[in-house]
Amino acid sequence: SDGLQTDIIGRKIYYFNTIDSTQNFALRLSEWPHENGSVIIAKKQTRGRGRLNRKWVSPSGGIWLSVLLKPNFDSSHTSLFPMATSLALSIAIKKILKIDTQLKWPNDLTINDKKVAGILIDASIESNKIEYLIIGVGINFQVKPSAITRQIKNQNYGVATLVEKENNSQVKLVQQFLLELEHVYNQIMSGHVSNIQQKWIKRSSTIGKNITATTTTEVLRGKAIGIDKTGALLLSKDGKIQKLLAADISYKT
Ligand code: BT5
C-alpha cells in the first residue's frame, strides 16, 4: 500500500494468490465491523463472475479486485456506481498507461470495441438504506486475449488486454484507480452526480448510436440518446423514450 493516497478505500487490503472470487470474499467480510473501504485483490480467480452469474475468465496476470463500501446514504444512488466506477477506471488507465478507453453502457471499458474491463456491483439494500456495496472490477492486464476468448462460449465481442508499460505500472494503476474511485464516491456522497455523468458521456461510445438492447425479458432496438440522473439509458424508439435500467447492449442492429 506504499504510495496509496486514499482516505477510506484501501485502508485494509487483502491479497490472495488464488481465490474463488474476490466478490465472494467481500461478501463474507461485509458482516464484520471496520471493513468499510476494504479491498480484496487476487492474482487469479477460479470462479470469477460477471453479471447474471455469467463466467468472468480471470487468469494469472490480470487485475481482479473488489472494494467493499458501507455507505450511509439512501439506495437511490446505487445505480450510479457502474457508471462512476467505469469512469474512475478509464481516468486511471489514461493517467498511468496513457491509453484511451471507451465506456460502453452500463459497465464495460473497451478499446476498439473490444472489452478490456468489466464491472460488477453487488448491493444489499434494507428499507431504502444501503447495507453494503461491493464493487467488483476485472481488468485484463498482461494476459493474452486468446487465454480469455477460448474460455468464453457465446462470444459477441472481442477481448482486449492492457500491457505493462514500465516496471510497477500494475501497482500504480491499482493505486490510481482506488484514488479516482474514492473521488467519484465522495462526489456521489455529496450529491455532485452531474459532473460524473458529463465525464462519462464524453468517454462513452454508446450515446448517439443505434443499439440492440437485451434485457432479461425483451429485445429492444432504438437510438441511445442519453442517460438520466440515475444512470438509466434513454432509448428513443418510434418517437417514444424508454428508460433502460439494466441490459446488455450491442451496436449491431
Ligand atoms: C462483467 O460482467 O463485465 C463484470 C465482470 C466483473 C469481474 C470482477 S473480477 C473481480 C470481481 N470478482 C468477481 O468474481 N467478479 C468481479 P458482464 O457484463 O456480465 O460480462 C460477462 C461476459 O464477459 C461473459 O459472459 C463473457 O462473454 C465475457 N468475459 C468473460 N471474461 C472476460 C474477460 N476476462 N475479458 C473480457 N470479456 C470477458
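Side chains are part of it too, since the values below use all heavy atoms of this structure and drop only hydrogens, waters and symmetry mates. Being a predicted model, the structure only gives us computed values, none of them experimental. In listed order, ligands and their atoms are each counted from 1.
Comparing Gln45, Arg51, Lys55, Arg47 against atom 24 (C) of ligand 1, the shortest heavy-atom distance belongs to Lys55. Among Ile135, Ile119, Ile121, the residue whose heavy atom lies closest to atom 4 (C) of ligand 1 is Ile119.
Applying the 4.0 Å criterion to heavy atoms of Arg54 picks out, from ligand 1, the atoms 17 (P), 19 (O), 25 (O). Residue Asn140 approaches ligand 1 through these ligand atoms, each under 4.0 Å from one of its heavy atoms: 33 (C), 34 (N), 35 (N), 36 (C). Short contacts between ligand 1 and Gly48, defined as distances under 4.0 Å to a heavy atom of the residue, involve ligand atoms 14 (O). Annotation for ligand 1: atoms under 4.0 Å from non-hydrogen atoms of Thr22 are 10 (C), 11 (C), 12 (N). The atoms of ligand 1 that sit less than 4.0 Å from any heavy atom of Ser21 are 12 (N), 13 (C), 14 (O). Close approach of ligand 1 to Val137 is summarised as follows: ligand atoms under 4.0 Å from at least one heavy atom of the residue are 8 (C), 9 (S), 10 (C).
Under a 3.5 Å cut-off, the side chain of Thr85 and the backbone N or O of Pro82 do not form any donor-acceptor pair. The backbone N or O of Asp100 lies less than 3.5 Å from no partner atom in the side chain of Arg203, so there is not a single donor-acceptor pair. No donor-acceptor pair under 3.5 Å is formed between the side chain of Lys104 and the backbone N or O of Ser205.
Every residue was checked against the ring pair (Phe, Tyr, Trp, His ring centres under 6.0 Å) condition with Tyr132, not counting sequence neighbours, and none meets it.
Here the NE2-CD distance, from His183 to Gln176, works out to 11.0 Å after rounding to the nearest 0.5 Å.
In Glu126, the CD atom is not crowded: 12 or fewer heavy atoms of neighbouring residues, nucleotides or ligands sit closer than 6.0 Å.
At a 4.0 Å heavy-atom cut-off, ligand 1 touches Asn107 through the side chain alone. Only side-chain heavy atoms of Val159 come within less than 4.0 Å of ligand 1; its backbone N, CA, C and O stay farther off. Of the heavy atoms in Leu65, only backbone atoms (N, CA, C, O) come closer than 4.0 Å to ligand 1.
A donor-acceptor contact closer than 3.5 angstrom links the side chains of Thr230 and Asp228. In this structure, a donor-acceptor pair under 3.5 Å is present between the side chains of Gln45 and Ser58.
The shortest N or O to N or O distance between Val57 and ligand 1 is below 3.5 Å. Taking any N or O of Lys115, backbone or side chain, at least one lies under 3.5 Å from an N or O belonging to ligand 1. Not a single N or O atom of Asp248, backbone or side chain, sits closer than 3.5 Å to an N or O atom of ligand 1. In terms of polar-atom proximity, defined here as any N/O pair under 3.5 Å, Arg49 does make such a contact with ligand 1.
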Using the rule given for side-chain contact (heavy atoms from CB on, under 4.5 Å), can you reason through Trp200 versus Ser86, listing the C-alpha separation, both sets of side-chain angles and the distance that settles it, and then say yes or no? CA-CA 8 Å; Trp200 186 90; Ser86 55; 3.4 Å; yes

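The only option from Asn210, Thr212, Thr206 that meets the side chain to side chain contact (heavy atoms under 4.5 Å, CB included) definition with Tyr251 turns out to be Thr206.
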